[in-house]
Amino acid sequence: MSLPGADAAISEIRKARGAFFTPPELCRYIVKWAIRDAGDDVLEPSCGEAAFLVEAGARLAQLQNEAGTRGGWLHGVEVHEESAKAALALLRTAGYDADIEVADFFTVEPKPRYDAVVGNPPYVRYQDFAGEPRARSRAAALRAGVPLTGLASSWAAFTVHATLFLKPEGRLGLVLPAELLTVNYAAEVRRYLMERFARVRLVLFTQRVFPGVLEEVVLLLADGIGPTDHCELHQVRELSELRTAGGIARHWKPLRPEGKWTPSLLPPMALETYTELVAHDSFTTLETWGDTTLGMVTGNNRYFAMSPARVAELGLSPTDTIAISPPGSSHLRGMTFSEAAWKELGAADRATLLFRPSGEPSLTAASYIEAGEAVGVHKAYKCRVRTPWWQVPLVEPADVLLTYMNADTPRLCANKARVHHLNSVHGLYFKPGMVRTGMDLLPLGALNSMTLLGAETVGRAYGGGMLKLEPREADQLPVPTKSVLEEAQKALSMLRPQMARALRSGRLLEAVRLVDDVLLVGHLGFSRAKVESLREAHAELTSRRVARGASPRGTD
């Protein structure tokens, strides 16, 4: 769609800056919510074609006619001069008084003079948002006390900066990427919004609302003087249902304001069940079981990790190597990693040993070290910063190995082989008194729909749609408590043969249903309908993740 009164090239320029045409229904809905008085002053930052200001002018005209008074002021900021001229011409043609300032919004000194700030911030990912523009945006956010990481996209700083233009009781109405809810770099933005405003309303869509744009959006409607401890949720399918989004809202309280708001994406019954289980004394977070840490970093797995056949070929002695879980995690899709499984992998020529002389290298080991230096292995960053370069820092064998890059869901695998692990998996070390139950039952009991759904809410979408779970994210994974697993021990243990067969055959969801029936339905008394809502929500979030991973904008 060409911009009125402007060359079509302007539209292309705006798209390159991450600005997209906003459907009138979105503008109208936000403006109607934000403008409540005939005398309201309104700001649209990065106004582009003035989609919000046009609707704001119509809204003010309506209110002024009803009140029989004049007042209210329309103001826009736009960095692109031709777009600003086109916007001003459009507003004047419509009969609305307005002014458009040509400037980078981040350079505009904030003054709390507006009753409403409305708009659709430009969306530029961190890869394309660098140099001076990024520095200005981070400085603008920091003015409000919000530190942003180098991974933040442009909308994050834009949102924070926009709040500084509001009167204390002013209203903020923005169209934002759904990244607000899900990405780590938005943590401080989430915290700030709940501290700044007394009311934070989110309107969520189950379908994409921007034609030709893969990015999902959420409407942020915030007002009042904060803080608040909850969000109001309205979920609709598409734009035509926006008129129903002003009804009774669902209230949802995040565990921590800065934590991910991904659960807000869940359908009503699933959110109710998820929230109930999070607060239930039968579920806890993984960090209450123990510490999740990164594995060992070699600097060059091809050099350090080797198969038993390779060790024999080189003539290395037993003191020159240690036992490891092979790089990767494809062999950790079950509930237990046994010594027999480890030996079987070694026999299949997998790298189950790590070159790591415990003391003075043997003559053969010394020759291997010299060969490594000849090809520059010692120059790799992780190698050259340690002394000696060939001695990989040890991490003790973990109680449980946790897969952190997954196409389906993270797996907890009891480390019965007691081998060391590399940084392709995480290690979970149980607290005192938790080891026996944790090793025997947690990997099995964690294969339930609540934990699977929780992984989607605390993890992040990575390239190719993979689910990535860093240690601090794994800490927040909802899992059954020690007491509930011990109470259900007999019934869960009886499932183990069926579970093992299902997992070996790649039938993850079949295994999960078995645990659900015993743990969530049988032991905890949740209805099958509620448990099914968790499964459906997990499938929906997984589909969202995969779809985001297929998009160039799909990673955190």
Side-chain angles (χ1 to χ4, degrees), residues 182 260 262-263 265-267 270 274 277 283 285-286 292 295 325-337 341 400-415 421 423-428 442-471 473-480 492 495-496 498-520 531-551 554-556:
T182 62
K260 293 185 179 182
T262 312
L265 293 168
L266 304 182
Y274 184 88
L277 275 168
F283 268 77
T285 56
L286 190 61
T292 301
S325 172
S329 62
S330 60
H331 57 289
L332 301 175
R333 312 317 288 176
M335 297 170 286
T336 300
F337 185 50
V400 165
L401 301 177
L402 171 63
T403 64
Y404 81 97
M405 288 289 284
N406 303 273
D408 47 25
T409 197
R411 309 295 181 90
L412 293 164
C413 193
N415 184 18
H421 62 286
N423 65 333
S424 51
V425 295
H426 300 325
L428 173 62
L442 184 59
L444 189 159
L447 289 171
N448 66 82
S449 290
M450 175 62 180
T451 300
L452 263 66
L453 180 55
E456 296 292 337
T457 68
V458 302
R460 70 179 80 172
Y462 207 64
M466 300 291 282
L467 178 62
K468 185 176 183 181
L469 207 64
E470 297 290 3
E473 294 163 342
D475 285 343
Q476 303 308 312
L477 187 68
V479 293
L492 288 172
L495 293 179
R496 191 174 290 276
Q498 291 173 272
M499 295 277 292
R501 286 194 297 271
L503 293 173
R504 277 197 301 270
S505 302
R507 304 192 308 273
L508 170 66
L509 297 183
E510 179 182 321
V512 170
R513 283 182 179 274
L514 292 171
V515 177
D516 284 348
D517 287 346
V518 166
L519 195 63
L520 301 184
V531 175
E532 186 61 33
S533 75
L534 294 178
R535 292 177 188 145
E536 291 174 353
H538 170 255
E540 183 176 327
L541 288 192
T542 300
S543 296
R544 285 176 183 261
R545 163 169 57 85
V546 172
R548 289 181 63 216
S551 164
T555 59
D556 184 355

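Side chains are part of it too, since the values below use all heavy atoms of this structure and drop only hydrogens, waters and symmetry mates. Predicted, not measured: the structure shown is a model, and the values here were computed from it.
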If you round to the nearest 0.5 Å, how far is [atom2] of [Y] from [atom1] of [X]?
{"X": "Cys413", "Y": "Leu428", "atom1": "SG", "atom2": "CG", "result": "12.0 Å"}
{"X": "Met335", "Y": "Leu412", "atom1": "CE", "atom2": "CG", "result": "12.0 Å"}
{"X": "Arg411", "Y": "Leu401", "atom1": "CZ", "atom2": "CG", "result": "14.0 Å"}
{"X": "Leu442", "Y": "Leu447", "atom1": "CG", "atom2": "CG", "result": "9.5 Å"}
{"X": "Asp475", "Y": "Glu473", "atom1": "CG", "atom2": "CD", "result": "9.5 Å"}
{"X": "Leu477", "Y": "Thr457", "atom1": "CG", "atom2": "OG1", "result": "8.0 Å"}

Just jot down the side-chain contact (heavy atoms from CB on, under 4.5 Å) partners of [X], sequence neighbours excluded, or say none.
{"X": "Leu514", "answer": "Leu495, Gln498, Met499"}
{"X": "Asn406", "answer": "Arg333, Thr403, Asp408, Pro410"}
{"X": "Arg513", "answer": "Glu532, Arg535"}
{"X": "Ala474", "answer": "Leu286, Thr292, Leu402, Leu469"}

Quick one: list whatever passes side-chain hydrogen bond (donor to acceptor under 3.5 Å, both in side chains) with [X], sequence neighbours left out.
{"X": "Glu470", "result": "Lys468"}
{"X": "Ser330", "result": "none"}
{"X": "Thr451", "result": "Asn448"}
{"X": "Arg504", "result": "none"}

Please report the shortest heavy-atom distance between [X] and [Y], naming the atom on each side.
{"X": "Ala461", "Y": "Arg545", "answer": "CB-CG, 3.8 Å"}
{"X": "Leu519", "Y": "Pro480", "answer": "CD2-CG, 3.7 Å"}
{"X": "Val479", "Y": "Thr285", "answer": "CG2-C, 4.0 Å"}
{"X": "Pro267", "Y": "Glu540", "answer": "CG-OE1, 3.8 Å"}
{"X": "Ser329", "Y": "Val425", "answer": "CB-CG1, 3.7 Å"}
{"X": "Ser449", "Y": "Asp516", "answer": "OG-OD2, 2.5 Å"}

Find out whether Leu541 and Leu266 are in side-chain contact, i.e. whether some heavy atom of one side chain is under 4.5 Å from a heavy atom of the other. yes
Kindly write out the residues that satisfy salt bridge (charged side-chain N to carboxylate O under 4.0 Å, His left out) with Arg496, not counting sequence neighbours, or none if the list is empty.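 Arg496: no salt bridge (charged side-chain N to carboxylate O under 4.0 Å, His left out) contacts found.
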Please evaluate residues Val400 and Asn415 with respect to the criterion side chain to side chain contact (heavy atoms under 4.5 Å, CB included), reporting the C-alpha separation (whole Å), side-chain torsions for both, the decisive distance (0.1 Å), and the verdict. CA-CA 5 Å; Val400 165; Asn415 184 18; over 6 Å; no
What residue among Thr182, Thr262, Thr542 forms side chain to side chain donor-acceptor pair (under 3.5 Å) with Glu456?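 For Glu456, the side chain to side chain donor-acceptor pair (under 3.5 Å) test succeeds with only one of Thr182, Thr262, Thr542, which is Thr542.
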Applying side chain to side chain contact (heavy atoms under 4.5 Å, CB included) to Leu277 and Leu534, what does each step give before you reach the verdict? CA-CA 11 Å; Leu277 275 168; Leu534 294 178; 3.9 Å; yes
Mind checking ring pair (Phe, Tyr, Trp, His ring centres under 6.0 Å) for His426 and listing every partner two or more places apart, or none if nothing turns up?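 Only Tyr404 meet the ring pair (Phe, Tyr, Trp, His ring centres under 6.0 Å) criterion with His426.
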What residues form a ring pair (Phe, Tyr, Trp, His ring centres under 6.0 Å) with Phe337, not counting sequence neighbours? His331
